[in-house]
Amino acid sequence: MSVRSRFAPAPSGSLHVGNVRTGLFSWAFARHHGGAFVLRVEDTDASRVTEEAVHGVIESLRWLGIDWDEGPDVGGPHAPYRQSQRTQIYRDTTDRLRQQGDVYPCYCTPEELEERRRAALARGEPPGYDGRCRNLTPEERTAFEAEGRPFALRFAMPEREWVVEDLVKGEVRFGPGTLRDFVIVRSDGSPTFLLAVAVDDMLMGITHVIRGDDLLASAPRNAAVIEALGGTPPRYAHVPQVLGGDGKPLSKRHGSTSVEAFREQGIVPEALMNYLALLGWSKDEKTTLLSKQELIEAFDVERVSSNPAAFDTKKLLWMNNRYIQHLDDDDLAARCMHFLAEDGLLPEPQTLRGAMPLVKERLQTLRESVDYLRFLFTDDVEPDEKARAQIEKAGADYLRAAADALAAAEPWTTATIAAALDGVAQAHGLNRTKGWQPVRAAVTGSTVSPPLPESLELLGTEPTVSRLRAAAEAV
RNA sequence: GGUCCCAUCGUCUAGUGGCCCAGGACACCACCCUCUCAAGGUGGAGACACGGGUUCAAAUCCCGUUGGGACUACCA
């Protein structure tokens with residue numbers, strides 16, 4: 001039987017790195033086994049879903065480099081792939097479950113439930129659903145019925161031991177009575193996640209469910225529903241949560257942890273994928289850099305670690321730099337263009353491309369290209385505080401001398417530029433470090449820039465000289 | 001409270017009874033290179049949570065303790 005795995009995000013809010021990491025594993029698993037990967041939108045709770053959120057999920061996955069064979073946007077043999085559009089299917093299966101006696105109407109109101117939960121807790125007893133409506137007498141039932149009480153449908157969990165043969169956690173056992181009857185259809189008639197996942201995984205022929213381990217306890221419930229429907233439950237693999245840099249579960253206060261946020265910071269998708277793949281999984285004892293192809297070839301769910309991993313932004317940044325270094329110049333230039341444009345700059349393509357070799361090994365993010373290269377695409381190079389100090393210290397005479405020397409540099413190449421710079425420095429008894437910094441400050445407006453001669457060569461003789469003269473005037 | 005999961009350097013991890021007085025990567029420190037910043041090179045510090053077993057031998061197996069976490073919803 002060929003593998004079919006899926007990723008089923010609930011599109012409330014944005015896709016954070018913990019979610020995608022799980023999706024990435026599921027995808028890599030399907031690709032590794034030459035199987036099919038399905039994207040399904042888990043939107044049974046309509047109130048928490050927005051259209052943009054659904055789009056955002058698809059966008060983020062695509063950008064990362066994950067593709068799927070069936071999904072809401074590409075269709076497939078088991079369409080539709082949005083649970084909100086499968087209500088008729090859930091209704092039909094609910095009818096069947098009801099006829100079989102696997103579910104029963106529960107007339108308890110939310111208030112009553114809450115009250116009993118509190119009471120149970122106070123008595124030191126387990127707070128789960130007490131099963132009251134499971135054993136209603138026919139009289140009680142008709143009484144509620146006559147009252148016109150709204151009811152939810154609960155699945156009667158068979159009271160036996162449930163064993164999950166989990167691909168990452170191993171054998172997990174739940175004793176009889178520890179799994180309570182759960183709501184499968186709300187009183188407004190809408191299905192819950194507990195019904196929808198089971199039905200969809202079965203109907204869509206999912207063979208392997210790879211998801212977060214917060215869902216471990218729902219695996220036996222999912223399996224119970226599928227069995228009641230006459231199906232065979234899929235294999236489960238519950239991967240641990242991703243924690244924030246502080247070791248605490250990922251939450252809003254960790255700030256920008258969405259895929260979209262990393263994209264906007266200038267993280268390259270190849271790097272994010274590589275980094276995420278290594279969060280809770282490893283190929284062997286030494287591999288840290290691996291391509292998408294290598295990931296697919298090597299991925300094995302059995303090698304997924306069973307303990308939670310903390311997200312380390314520093315390592316991601318390091319990896320991002322490694323990927324940027326290996327991008328070819330045209331590609332890198334194209335990727336930086338977006339960030340430069342966002343900053344209001346209109347880079348000249350040839351110049352931008354020529355600057356790539358200069359910044360490659362310096363960029364931790366694509367966004368940083370803006371800081372390094374701004375001076376090439378605007379004459380507005382108001383020196384920052386440190387740069388100003390350098391300029392003042394050098395003095396007007398020095399800057400004028402530099403301007404003169406550079407104006408005379410012929411032809412305008414890194415060699416002649418460096419020679420001119422050195423000549424001025426030497427004449428004033430300065431070494432390169434002290435002699436070049438004022439020029440850098442005056443021309444780029446910063447004490448930090450790509451290598452000076454190369455930068456000036458790209459800028460051109462005229463802007464270089466006039467910026468130096470302007471700075472001399474301003475002293 | 002109950003059920004379940006988890007526990008190797010600061011972080012991600014390798015390790016499935018002897019190859020481990022524990023290997024790699026990021027981060028950190030030092031040095032080298034050097035026009036700034038990086039990148040790169042070399043070296044360094046740094047971990048088996050604790051306590052009991054089992055065994056000739058345990059990071060590896062068992063039990064307990066402690067510490068994290070999830071679930072315990074008419075959220076998913």
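All figures in this text were calculated on a predicted structure; none of them were measured in a lab.
Within 4.0 Å (heavy atoms only), A/Gly280 reaches sugar-phosphate atoms of the nucleic acid but no base atom. Among the heavy atoms of the strands, none lies under 4.0 Å from A/Arg211. Residue contacts for A/Pro453: at a heavy-atom cut-off of 4.0 Å it reaches a base atom on one of the strands shown. In this structure, A/Leu421 reaches neither bases nor backbone, as no heavy-atom distance under 4.0 Å exists between it and the strands shown. Nucleic acid contact for A/Glu111: none, since no nucleic acid atom lies under 4.0 Å from a heavy atom of the residue. Residue-level contact check: A/Thr433 touches the backbone only, with heavy atoms under 4.0 Å from sugar-phosphate atoms and none from bases. At the heavy-atom level, A/Pro450 lies under 4.0 Å from base atoms of the strands shown.
Not one N or O on the side chain of A/Asn320 forms a donor-acceptor pair closer than 3.5 Å with the backbone of A/Tyr323.
Checking B/U36, B/G24, B/A14 against the side-chain heavy atoms of A/Lys286 singles out B/G24 as nearest. The side chain of A/Pro110 lies closest to B/C74 when the candidates are B/A14, B/C74, B/U11. Side-chain atoms of A/Lys169 lie closest to B/C6 of the nucleotides B/C6, B/C35, B/C71. Here the nucleotide nearest the side chain of A/Trp318, chosen from B/A25, B/C12, B/C35, is B/A25. Considering only the side chain of A/Ala310, B/C12 comes nearest among B/C71, B/C74, B/C12. Listed nucleotides B/U13, B/C6, B/C4 differ in distance to A/Val172; the shortest reach to its side chain belongs to B/C4. Comparing B/A25, B/C75, B/C35 by their nearest atom to the side chain of A/Arg186 picks out B/C75. Minimum atom distance to the side chain of A/Val448 is reached by B/C37, of the listed B/A39, B/C37, B/A76. Set against B/C74, B/G10, B/A76, the side chain of A/Leu215 has B/A76 as its closest nucleotide. Between B/C71, B/C12, B/C37, one nucleotide has an atom nearer to the side chain of A/Ala217 than all others, and that is B/C71.
With respect to the salt-bridge test (charged N to carboxylate O, under 4.0 angstrom), the residues A/Glu368 and A/Arg362 do not qualify. Ion pair A/Arg118/A/Glu112 not flagged as a salt bridge, since none of the NZ, NE, NH1 or NH2 atoms sits closer than 4.0 Å to an Asp/Glu carboxylate oxygen. Using a 4.0 Å cut-off between charged side-chain N and carboxylate O, A/Asp130 and A/Arg180 make no salt bridge. A/Glu114 and A/Arg117 are joined by a salt bridge, as a carboxylate oxygen and a charged side-chain nitrogen come within less than 4.0 angstrom of each other.
The shortest distance between the side-chain N/O atoms of A/Arg432 and the OP1/OP2 oxygens of B/U34 is not below 4.0 Å. For B/A14, one of the phosphate oxygens OP1 or OP2 lies less than 4.0 angstrom from a side-chain nitrogen or oxygen of A/Ser282. The phosphate of B/A73 has neither OP1 nor OP2 within less than 4.0 Å of any side-chain N or O from A/Arg116. In this model, the phosphate group of B/C4 is not approached by any side-chain N or O of A/Arg221 to a distance below 4.0 Å at OP1 or OP2. Contact annotation: A/Arg117 does not reach the phosphate of B/U72 (side-chain N/O to OP1 or OP2, under 4.0 Å).
Residue A/Ile391 contributes atom CD1, which lies 18 Å from atom P of B/U36 at whole-angstrom precision. In this entry the distance linking CD of A/Glu368 with C1' of B/A39 reads 13 Å, nearest Å. The CG-C1' distance, from A/Asp300 to B/U16, rounds to 14 Å in whole Å. The distance between atom NZ of A/Lys283 and atom C1' of B/G24, rounded to the nearest whole Å, is 13 Å. In this structure, A/Asp130 atom CG and B/A73 atom C1' are separated by 14 Å, rounded to whole Å. Put simply, CG on A/Leu278 is 9 Å from P on B/U13, counting in whole angstrom units. Taking atom CG of A/Asn320 as the reference point, atom C1' of B/C26 lies 14 Å away to the nearest angstrom. Atoms NZ (A/Lys315) and P (B/G24) sit 13 Å apart, rounded to a whole Å.
Rounded to whole Å, the C1' atom of B/C50 lies 15 Å from the corresponding atom of B/U8. B/G51 and B/C12: their C1' atoms are spaced 29 Å apart (whole Å). Only the P atoms considered, B/G46 is 26 Å distant from B/G52, to the nearest whole Å. With P as the reference atom, B/G41 and B/A25 are 10 Å apart, rounded to whole Å. B/C4 and B/C63 have their P atoms separated by 13 Å, given to the nearest Å. Look at the P atom in both B/A59 and B/A22: the space between them is 11 Å, to the nearest Å. Atom P of B/U66 sits at a distance of 23 Å from the matching atom of B/U11, rounded to the whole Å. Between B/C20 and B/G15, the distance separating the two C1' atoms is 8 Å to the nearest Å.
Judged by distance alone, the side chains of A/Asn19 and A/Thr22 never bring a donor and an acceptor atom under 3.5 Å apart. Using modelled atom types and a 3.5 Å distance limit, the side chains of A/Glu361 and A/Asn321 yield no donor-acceptor pair. When only modelled atom types and interatomic distance are considered, A/Gln390 and A/Gln437 share no side-chain donor-acceptor pair under 3.5 Å.
If A/Ser305 and A/Thr447 are placed on RNA chain B by their nearest nucleotide, the residue sitting closer to the 5' end is A/Ser305. Of the two residues contacting RNA chain B, namely A/Gln83 and A/Arg180, the nearest-nucleotide position lying further toward the 5' end is that of A/Arg180.
No hydrogens or angles were tested; on distance alone, a donor-acceptor pair under 3.5 Å links the side chain of A/Arg440 to the base of B/C35. At a cut-off of 3.5 angstrom, the base of B/C74 holds at least one donor-acceptor pair with the side chain of A/Ser187.
Under the Watson-Crick and G-U wobble criteria, each requiring two contacts below 3.5 Å, nucleotide B/C50 is paired to B/G64. Checking B/A59 for Watson-Crick or G-U wobble geometry (two distances, each under 3.5 Å) identifies no partner in any strand. With a cut-off of 3.5 Å on both Watson-Crick or G-U wobble distances, the partner of B/C71 is given as B/G2. The nucleotide B/U16 finds no pairing partner, because no Watson-Crick or G-U wobble arrangement with both distances shorter than 3.5 Å includes it. Under the Watson-Crick or G-U wobble criterion, with both distances below 3.5 Å, B/C31 is paired with B/G41.
Between A/Trp281 and A/Phe299, the ring planes are tilted. Angles from 30° to 60° get that label.
Within the cation-pi definition used here (under 6.0 Å to the ring centroid, within 45° of the axis), A/Arg154 qualifies as a partner of A/Tyr129.
Nearest heavy-atom pair across A/Ala401 and A/Val424 is O-CG2, 3.8 Å.
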Between N or O atoms, less than 3.5 Å apart, protein on one side and nucleotides 65-69 of chain B on the other: list the pairs.
none

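Inter-residue side-chain proximity for A/Val41 and A/Tyr81 is flagged as unmet; no heavy-atom pair is nearer than 4.5 Å.
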